[in-house]
Amino acid sequence: MIEFDGDDRVDLRSDTVTRPTAAMHERMRRAKLGDDGLEGDPTARELEEVAASILGKDAALLVPTCTMANLLAVLAQVQRSEQVLLEASAHMVTTERGAATLTGAFLLGLPGRDGAMDLDRLSEALRPSSSPLRTAMVAMETTHNAAGGTVPPLAHMQAVADLARARGARVHLDGARLPNAAIALGEKPAALARYTDTVALCLSKGLSAPVGAVLAGDRAVIEAARRLRKMIGGTQRQVGLMASAGLEALTTMGDRLGEDHARARDLSDGLNALGGPISAAIPRTNIVQVDVSATGRDAERWVADLDAAGLRVRPLGTTHLRLVTHRHIEPADVPRALDAFRLCLDGGAA
Ligand SMILES: *Cc1c(COP(=O)(O)O)cnc(C)c1O
């Protein structure tokens, strides 16, 4: 297995860069395969059963990406011209709202705090008189990506679900990083999914599978999503090859995510201790947002300077950087990352 790709820069761009483990490669080699568009792939079926059980739902569906899981959740539960309510900076709004050209659903972003939508505004938006559109779905996100890997409390999730259900709206959870949220709360993933009708989870972020995501929910919705998946080209053939890595990811890789969270905290503490004009948010999980607005350099420039100093990060708007810890970031990488920042603060690397 090749883990090293000849690049020794510290890569904090995203947890999506994680490579499959040796155990995943081994499972892929031995996986029982079938044609998932014909008789069905046995390993994909197994992954779907295991995912449903871990998420506390009746059924689950393997899909290529979490973007597709969210799209299918809307297609299967929302009719054209109906409304979906979400916190305004949710990934389904900021990055995936082009899906509306396929779903015909109207997305309304509501203000929130730390990724948790304002309950009064939600209640107001759910009132029948507040819009000619019928609200068919309320969607939450945990961990909340744009808010910096935050984790809305279970009580908030329950309050959102209660409001939505009182109005007959379905509840979806974009849980791309649900295993990180579960670890942060000291709960099982099913405890977070309990308040939702459908839940999406990404296998290829911190869990380290090469590709894949799942959508879980009740049997009728998942069967509808299975038909829709075929329609949009998401049905794959010997997909057990990927499902086998996903099984390894789902059953063995969640427990170690606390290490990523601890490393993120070390990074944040180290950056704040540099004493310069940069400040880092205190992370709840594995995402650290760094404010560089007081440095006289914009985020793009910081990305280029840090890159030259051996550290890869991504910009978050023009004033912030986003650092994400993952399985390939070891304790010794934290001081290396801090050295790169120090070098760039002392006059810049470029
Ligand atoms: C990454 C992410 C997605 C999309 O996942 P892909 O598998 O890359 O399509 C959706 N929602 C959230 C919150 C994410 O962080």
Side-chain angles (χ1 to χ4, degrees), residues 1-25 143 145 148-150 176-177 179-181 183-184 202-210 248-249 252-292 295 297 299-316 320-350:
M1 185 192 40
I2 299 164
E3 288 254 352
F4 180 62
D5 59 5
D7 186 339
D8 67 351
R9 286 175 294 178
V10 176
D11 194 347
L12 295 172
R13 289 173 304 161
S14 178
D15 47 8
T16 57
V17 304
T18 46
R19 307 298 177 87
T21 63
M24 287 178 195
H25 280 276
T143 70
N145 193 336
T150 53
R177 292 190 179 84
N180 297 82
I183 290 279
C202 201
L203 300 167
S204 67
K205 290 190 170 165
L207 296 184
S208 300
E248 181 71 19
T252 70
M253 300 300 287
D255 288 345
R256 61 155 302 286
L257 294 174
E259 293 173 32
D260 298 345
H261 300 179
R263 218 135 285 159
R265 181 61 197 257
D266 290 344
L267 257 177
S268 166
D269 288 348
L271 286 168
N272 287 324
L274 289 179
I278 59 171
S279 74
I282 295 172
R284 183 75 196 278
T285 54
N286 68 329
I287 300 175
V288 183
Q289 295 186 344
V290 182
D291 185 346
V292 292
T295 63
R297 270 179 275 173
E300 285 293 348
R301 179 67 198 280
W302 266 100
V303 169
D305 288 352
L306 287 169
D307 196 270
L311 175 64
R312 307 180 82 181
V313 304
R314 278 160 81 200
L316 182 70
H320 285 70
L321 304 174
R322 180 172 176 274
L323 282 48
V324 185
T325 55
H326 51 77
R327 193 178 109 246
H328 304 312
I329 299 301
E330 317 213 320
D333 290 324
V334 173
R336 286 181 66 203
L338 296 174
D339 281 347
F341 270 96
R342 208 176 279 116
L343 188 66
C344 294
L345 279 170
D346 300 344

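Throughout, residue positions are numbered sequentially from 1 according to the sequence presented. Only this structure's heavy atoms are used, side chains among them; waters, hydrogens and symmetry mates stay out. Quick caveat, the model's predicted, so the values are computed rather than measured.
- Ile183 has its side chain out of reach of Asn180: every pair of non-hydrogen atoms, C-beta onward, lies at least 4.5 Å apart.
- Contact annotation: the side chain of Val290 approaches that of Leu323 to within less than 4.5 Å [non-hydrogen atoms, C-beta and beyond].
- Between the Asn272 side chain and the Ala280 main chain, a donor and an acceptor come within less than 3.5 Å of each other.
- Residues Met253 and Thr21 form a side-chain contact, since some pair of their non-hydrogen atoms from C-beta on lies under 4.5 Å apart.
- Expressed to the nearest 0.5 Å, how far OG of Ser279 lies from CG of Asp291 amounts to 4.5 Å.
- The two residues Lys205 and Ala176 make their nearest non-hydrogen contact at NZ-CB, 4.0 Å.
- Between the side chain of Thr18 and the main chain of His328, no donor-acceptor pair closer than 3.5 Å is present.
- Residues Ala23 and Glu248 come closest through the heavy atom pair CB-OE2, 3.3 Å.
- Side chains of Val292 and Arg297 form no contact here, defined as non-hydrogen atoms less than 4.5 Å apart.
- Evaluation of the salt bridge (charged side-chain N to carboxylate O under 4.0 Å, His left out) rule for Asp266 yields no partner, not counting sequence neighbours.
- In this structure, the side chains of Asp260 and Ile329 stay at 4.5 Å or more apart for every pair of heavy atoms.
- Salt bridge status for Asp269 with Arg265: present, with a side-chain N to carboxylate O gap under 4.0 Å.
- The shortest side-chain heavy-atom distance between Asn145 and Arg177 falls under the 4.5 Å cut-off.
- Taking the side chain as every heavy atom from C-beta outward, Pro331 and Arg263 approach each other to under 4.5 Å.
- Counting heavy atoms from C-beta outward, Val288 and Leu12 have side chains that stay 4.5 Å or more apart.
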Passes salt bridge (charged side-chain N to carboxylate O under 4.0 Å, His left out), Arg336 versus Asp339? Steps please. CA-CA 5 Å; Arg336 286 181 66 203; Asp339 281 347; over 6 Å; no
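- Scanning for side chain to side chain donor-acceptor pair (under 3.5 Å) contacts around Ser14 gives Thr16, with sequence neighbours left out.
- Using modelled atom types, one side-chain atom of Asn286 and one backbone atom of Thr325 make a donor-acceptor pair closer than 3.5 Å.
- Just one of Leu207, Thr285, Asp255 meets the side-chain contact (heavy atoms from CB on, under 4.5 Å) condition when paired with Pro179; it is Leu207.
- With sequence neighbours left out, the salt bridge (charged side-chain N to carboxylate O under 4.0 Å, His left out) criterion links Arg322 to no other residue.
- Heavy-atom neighbours of Arg314 CZ from other residues, nucleotides or ligands within 6.0 Å: at or below the threshold of 12.
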